[in-house]
Every structure is written in C-alpha cells, then in structure tokens.
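As structure tokens, the structure follows; a few thoughts come after it.
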Amino acid sequence: MTMNLNEALGALVLSAGVFLAAAPNVDAQEPGASLGAPTAGTIVGVVTNAAKAPIGGATVTAIRAGGGIRSTISGSDGVYSFADVVPGVWSLTGTVEGFPDLTLPAVTVVAGKPARRDLVMNVPAAAIAPVATVIAPAPTPVPAFAATVPEALQSPDPGAEVDTKTPLANVGYVGWMNGTSREKQPVFDTKFFTPEIRLDVNYLQSLNHPIDHTIVGSTEEFRSGEFQIEQVSFGGDFHWDNVRARFLSIFGNFATTTPRNDASSGVGQWDLQNAYRYFSEANAGYHFDVNHGLNVDAGIFVSYIGLFSYYNFDNWTYQPSFVSSNTPWFFNGLRVQWWPTQNLKIEPWLINGWQSYAKFNSKPGFGGQILWIPNDSLKLVFNSYSVGQDNLPCQANGARGTIDVNCQPQNGGYGNASAGSNVGAGPPVDYSRVTRIHEDDSIEVKYYDANGTGGAGVSKLAFSYTLDIGCEYGGGVTCTNGRNKENFFGMQFYNRAWFHNDLYAITLGGGFINNPGRYLALTPPINGASAQSGSPYFTQQPGQTLFQWDTQLNLQYMPKDWITWWTEATFRHSSVPYWSGSGGVTPPGGNTGTPASCVGGGADPTTGNCATGDWFPDLRTREVVIGAGVLVKF
C-alpha cells in the first residue's frame, strides 16, 4: 500500500504516540488490568516546508496559558513531540534558520490523549528581505518520507471523552486495590499487541534457620538465606478484529513450585507438569459486542480466589495469608466474561478441577465469579466452586488402592500429630467420589483519599477482607461430623496506608484457616514430596486437625509505576508441627527413596507410622520469615 507524505508522516506521529501517550485499551478485560485515569496529555506533530518536505532541527516552543513553557527540536524526519503535558491551553511557536518564526493557534491538551499540530514553514526569510535583488533559492528539499506504519502497530484510537461503553471506564483509578496492577497506562501499546514483562527477585530468611534452606507451607516463599529469582515472565495480550489471546511465560521458582502443588498429573499418562510448567497463562477466544462486552476464552487463566493476584507485583504484601496462598492461582478450561453493565461482571467457569492441569476423576469443576465495582472506593467479588472431584485415591498411602477402590484413611491416633495412625482410623473412603465445594467472598474499601493534597503525609487508606468456607462430601467423607469429616473455614484482613502521594505504603494484616482433613494444606516438600506423592511424615486424611494463623507487616517503596522495592516480616503458627525447623526437611545426603516412603526403614505395620529409628524431618509449630526484594512490571 502506498501513502503520500502527509499520510506517512501522520502514521509516524501516531506510532510515536504509542510510546508517549498510549491510553489503556480496556476491552472487557480482567479487573486486574490497567484501569487508572491518565493525568497528562501529549502534543505531537511534524515540521515541513511549503513543498511538504520535513524540516529537521526546528525549535518548537510550547507555552501554557497560566504558566509553563516547554521546548524541543524536531528530528530529521520533521517529527517533534512533548510528553507528559499538563492539561490546558498551549500556544506553539516554530523557529528554524532561513524561515520566519511561525505561531500556531492555541491547542487544548486533554489528559490521556495526543493532540496533533503540524507546522508548515511557508516562506523562507530571505525571500521577504527588503534589500534582496534576486529571489533566494529554495532550501534543498529533503527526500520525501515514504515509510509506512502498519495499522496493527499503530497506537490504539483515543477513547471517547465520556466513555459509557468500556467496563469500569466510569469508575476512575482502581490501581490501589489489592490484587490489581497499579500502573495508570501501558508503557507501550498497539492496536494488535499489549506487551507485559514481569520480574520478581527476593531475599528471605527464616529465623528457624533450616539447614537445607527450605521454607515450607507457602506458594510465595521457598528458600531461606539466599537471593532467589521467583518470577521472570514475558508475553502480553493480543487483540485484533475482536479475536483475543493472552500468553504469559513463567520462569524462576514459580516454574517448579506451582506445578508440584497439582496432583492431577498423577492420573493417566503424559507429563502434564512439564508440558505446562513454563507458562502461567495461555488462552484464546473472541470478544462479542454484547451489552458492555462478552468474552469467551479457553485455556489456562488466572484465578482470583483469595483476592490476591498470582503475581506479587499486584499485591499489598509478598506473603498473603492462607486463604489466598492455599487456594487456586490458575484454572484450565473455559471462561465466559459478561459485562451486563459497566460496573458488573458475571464470569462462569467450566474447568478441569481445583488448580489442576488435568481432571482428577469423572466430573469437571464448575464455578464462577461475580464482580461489582460501583466506584473507585469499593470492590465486591464473589467466587464459587462446586461439582469437582479433586482427590487422588489414597494420597498418603497410594500402594493400598487405585482409582475407584475403597481405601482405609490413616486418620487415627493423636489428632494434633503431623502423621496419623491406622489405629482408630475412620471407615474406608472412595476418593473418586468425594466432591468439593467452596465459597470465597471479598470486599475492598478505600476509606480515605487525599486526592494529591496530602503532601508527605497520608495519601490513601484502604482495607480488604476475605471470607472462605467449603467442604468435601461423598464417598465416605462428610462435611461436618464423623471421623471422616473434611471442611474449610478461613478469613484474612489487611489494612494499608499510602504516604507521600503513594510513594510509600505500609500494610498490616493476616488471617487464619481451620481445615479438618487438611485437604487444602500445602504438602511440605519432605524428602521431595509433592501433592501427588504425599508424605508419611505429614498425612492429609479426613478428620485430621489443622488450624493455622499468621500476620504480615509490609513496607513498599514505589518511585515509579513499574517498580516496587519491599521489605516484610511474617509470623506463622500451626496447631501441628508443620514449618521447617533448623534440621530441615531433607534427609542427609539428599532425597532418599520415594517421597511416599519412610527414610531409613519401613513403616510400622500396625500404625503405618515411620519407625522410631528412621530419619525424621524437623517440623515446628512456629515460623518467622523476614525478607526484601524488588518487583518490576512493564
């Protein structure tokens, strides 16, 4: 396709606007996307002569009515630009050797939108000099600029001044919300692709000082006394002609620690954990122009059960409480997002199971989310899950049964012990028929906002509260009574204060869980154990007690929208020995045998417990972890 000079230059200026003033492209996306209102605008344009050839080296000066002056030099292609322009009325003047000064009519700059003003230097100064006896030769024409910018690589079209269509466009800035990325607009954006890059580096220290440097019972903190790269991710959102796709790779600790918490790959063949290990999101679908947006997507997508985001950059603290840390970070299946209004989203899911790459048994999981954000100070979100049969048979003693075979749970003995006993155990369980239900509801409230007038003092105050309740039933398991009961109850509360116009923030909070049956406890990696293998040193059987609580104090420094420096202290307590002590959870010489077996000898035939002379992990009921790190998101 051929373009004339003006069209080509216009395309170039529009492309330059991508880097300087691209507005967020919110097309019925997740609430975690960039949704804040921009506070500055952009002036762009091109300087040419009467023959429409670009003029480089021209000085362009912008003066704001009421005060303010900016100046820049046009490039060899004639293009000039002013980024981060304060909204208001600006006058423009162009100066270049060989031409008279040129003043343009005033231009009004609107936040979040590029304003284009071209300067045409019509008459060379020498041509109007009163002493001239001959017509001065015209400047040597600069070759016409013939490059073209494909439409897909141009910046998105500016949105309407009053947007009554796009979800949450009528709300304002919601980047303060827990679990939501805070940047006000993308660093780079095009009509086809919005890139995303994330990096997460930490240094953590458990005050139990485990000899093997292993931290257990977390989906965010894994190694003690070491610098670790938790996350490196590249990808972004693709969007063209209503077709959608999102892909985000994941490397670092997350590439190992997330797959090990999914036991579903123990069903059937093919190595699903390695197949999915290196990406956290991969889904594709279509956007229908129904109401305020209807998206139908299939693939792996993030779960916001527990309110906190899977990605630490988006969160108020680094280590969330158990209600978030022990609940799903992703789902694999089909998702529908329907926005009947600008402020209400209804999102049903049909998925393989509870954070699972595969389906555990005969039934998939079904659930959904209802999200309501009526203004920039309130968020309500309700997540529900049901139908799924999310257990492998006999996780902690798999040699005694296979799929669809009744198994004897190891839930006898002392209830507050890490490992249960066969003595006094409950009736057999058919784990392939055990069904899980779960409800997760959250509220976020911003109860103070200085709106930029707080100076170095408090700029915002907000809190979040999450309540979770659920249970498992069927196949010999009950929700509320009997030896084989399995249920879950937990909550978390966080309060956050921002200072110095959101440069700093302090968050204090925590929560607890009560989980008889331990089915949402994270299997400690004792001797290399995972959710699939289970461990004889920490059994997770119906009726086994587990009560845990924690608290976090976090300080964040946010000099730019794209970087967070943080430091945090976390205290955690468990009713049964669970956290890694000084002796660690790794046998001398490294992992030995299979994770589901005792190290150094066999299990006692009567109790099923590891023999007294065997190696045992050092598990404690308390843990304090202090840490610091840096988070980056572009």
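Everything numeric in this text was worked out from a predicted model, so none of it was measured. FYI, the numbering just counts along the sequence from 1. The basis for the numbers below is simple: all heavy atoms, side chains too, and nothing from hydrogens, waters or symmetry mates.
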Practice task
Decide yes or no for Tyr448 and Val458: does some side-chain heavy atom of the first lie under 4.5 Å from some side-chain heavy atom of the second?
Solution key: yes
Practice task
Indicate whether the side chain of Ser309 and that of Asn315 have a donor and an acceptor atom separated by less than 3.5 Å.
Solution key: no
Problem - Cationic N near anionic O, under 4.0 Å, Asp241 to Lys191 - result: no
Handout entry: Student check: side-chain heavy atoms of Asn383 and Ile370 closer than 4.5 Å
Key = no
Exercise for the section: Give a yes or no on whether Trp565 atom CH2 has more than 12 heavy-atom contacts from other residues, nucleotides or ligands under 6.0 Å away. Expected result: no
Problem - Check against ring pair (Phe, Tyr, Trp, His ring centres under 6.0 Å), Phe571 and Trp549 - result: CA-CA 8 Å; Phe571 173 82; Trp549 67 273; 5.2 Å; yes
Practice task
Say whether Tyr318 and Asp200, considering side chains only, have a donor N or O and an acceptor N or O under 3.5 Å apart.
Solution key: yes
Exercise for the section: With the side chain counted from C-beta on, respond yes when Pro167 and Gln342 share a heavy-atom pair under 4.5 Å apart, and no when they do not. Expected result: no
Exercise for the section: Kindly compute the distance separating CG (Asp237) from CZ (Arg244), expressed to the nearest 0.5 Å. Expected result: 7.5 Å
Exercise for the section: Give a yes-or-no answer on whether the side chains of Ser321 and Asp550 include a donor-acceptor pair shorter than 3.5 Å. Expected result: yes
Practice task
Could you tell me which non-hydrogen atom of Ala62 sits nearest to which non-hydrogen atom of Leu92, and how far apart they are?
Solution key: CB-CD2, 3.5 Å
Problem - Sidechain N-carboxylate O distance under 4.0 Å for Asp118, Arg116 - result: yes
Exercise for the section: May I ask you to say whether Glu444 pairs ionically with Lys446, meaning some side-chain N is under 4.0 Å from a carboxylate O? Expected result: no
Exercise for the section: Applying ring-ring contact (aromatic ring centres under 6.0 Å, His included) between Phe331 and each of Tyr304, Trp349, Tyr310, report the one that passes. Expected result: Trp349
Fill in the blank from the handout: Between Val47 and Ser74 the two heavy atoms that sit nearest each other are CG2-CB, 4.1 Å
Problem - Validation row: Leu508, Asn495 side chains within 4.5 angstrom (heavy atoms) - result: no
Exercise for the section: Please tell me if the side chains of Leu168 and Thr166 come closer than 4.5 Å, counting only heavy atoms from C-beta onward. Expected result: no
Problem - Donor-acceptor side-chain pairing of Gln556 and Thr564 below 3.5 angstrom - result: no
Exercise for the section: Please report the shortest heavy-atom distance between Tyr494 and Pro320, naming the atom on each side. Expected result: OH-C, 3.7 Å
Practice task
Ignoring hydrogens and angles, state whether a donor on the side chain of Ser224 or Ser206 is under 3.5 Å from an acceptor on the partner side chain.
Solution key: no
Practice task
Would you indicate whether the side-chain heavy atoms of Leu555 and Trp566 approach each other to under 4.5 Å?
Solution key: no
Practice task
Could you list the residues that satisfy salt bridge (charged side-chain N to carboxylate O under 4.0 Å, His left out) with Arg572, not counting sequence neighbours?
Solution key: Glu623
Practice task
Decide if atom OH of Tyr278 counts as having more than 12 heavy atoms of other residues, nucleotides or ligands within a radius under 6.0 Å.
Solution key: no
Exercise for the section: Report yes or no: do Arg335 and Gln369 form a side-chain donor-acceptor pair below 3.5 Å? Expected result: no
Practice task
Evaluate the side-chain proximity of Thr219 to Ser325: yes if any heavy-atom separation is below 4.5 Å, no if none is.
Solution key: yes
Fill in the blank from the handout: Closest non-hydrogen contact found for Gln552 with Thr570 is CG-OG1, 3.2 Å
Problem - Closest heavy-atom pair and its distance - Ser218, Leu522 - result: N-CD1, 3.6 Å
Problem - Check: His438/Asp440 side-chain N/O donor and acceptor closer than 3.5 Å - result: no
Exercise for the section: Could you tell me whether the side chains of Trp316 and Asn554 share a donor-acceptor contact shorter than 3.5 Å? Expected result: no
Exercise for the section: Taking atom CD1 of Ile73 as the centre, report whether more than 12 heavy atoms of other residues, nucleotides or ligands fall under 6.0 Å from it. Expected result: yes
Problem - Heavy-atom closest contact (Trp90 atom, Gly68 atom, distance) - result: CZ3-O, 4.0 Å
Practice task
Taking only Lys NZ, Arg NE, NH1 and NH2, and the carboxylate oxygens of Asp or Glu, determine whether Glu196 and Arg246 approach each other closer than 4.0 Å.
Solution key: yes
Handout entry: Side-chain donor-acceptor contact under 3.5 Å, Asn242 with His287
Key = no
Exercise for the section: Using a 4.5 Å cut-off on heavy atoms from C-beta on, say whether the side chain of Asn343 contacts that of Val171. Expected result: yes
Practice task
Check the pair Thr194, His239 against side chain to side chain donor-acceptor pair (under 3.5 Å), reporting the backbone distance first and the verdict last.
Solution key: CA-CA 8 Å; Thr194 306; His239 31 73; 2.9 Å; yes
Problem - Pair Ser233-Arg198, side chain to side chain donor-acceptor pair (under 3.5 Å): steps then yes or no - result: CA-CA 5 Å; Ser233 293; Arg198 292 177 180 264; over 6 Å; no
Handout entry: Under 3.5 Å side-chain donor-acceptor pair for Asn312 and Glu230
Key = yes
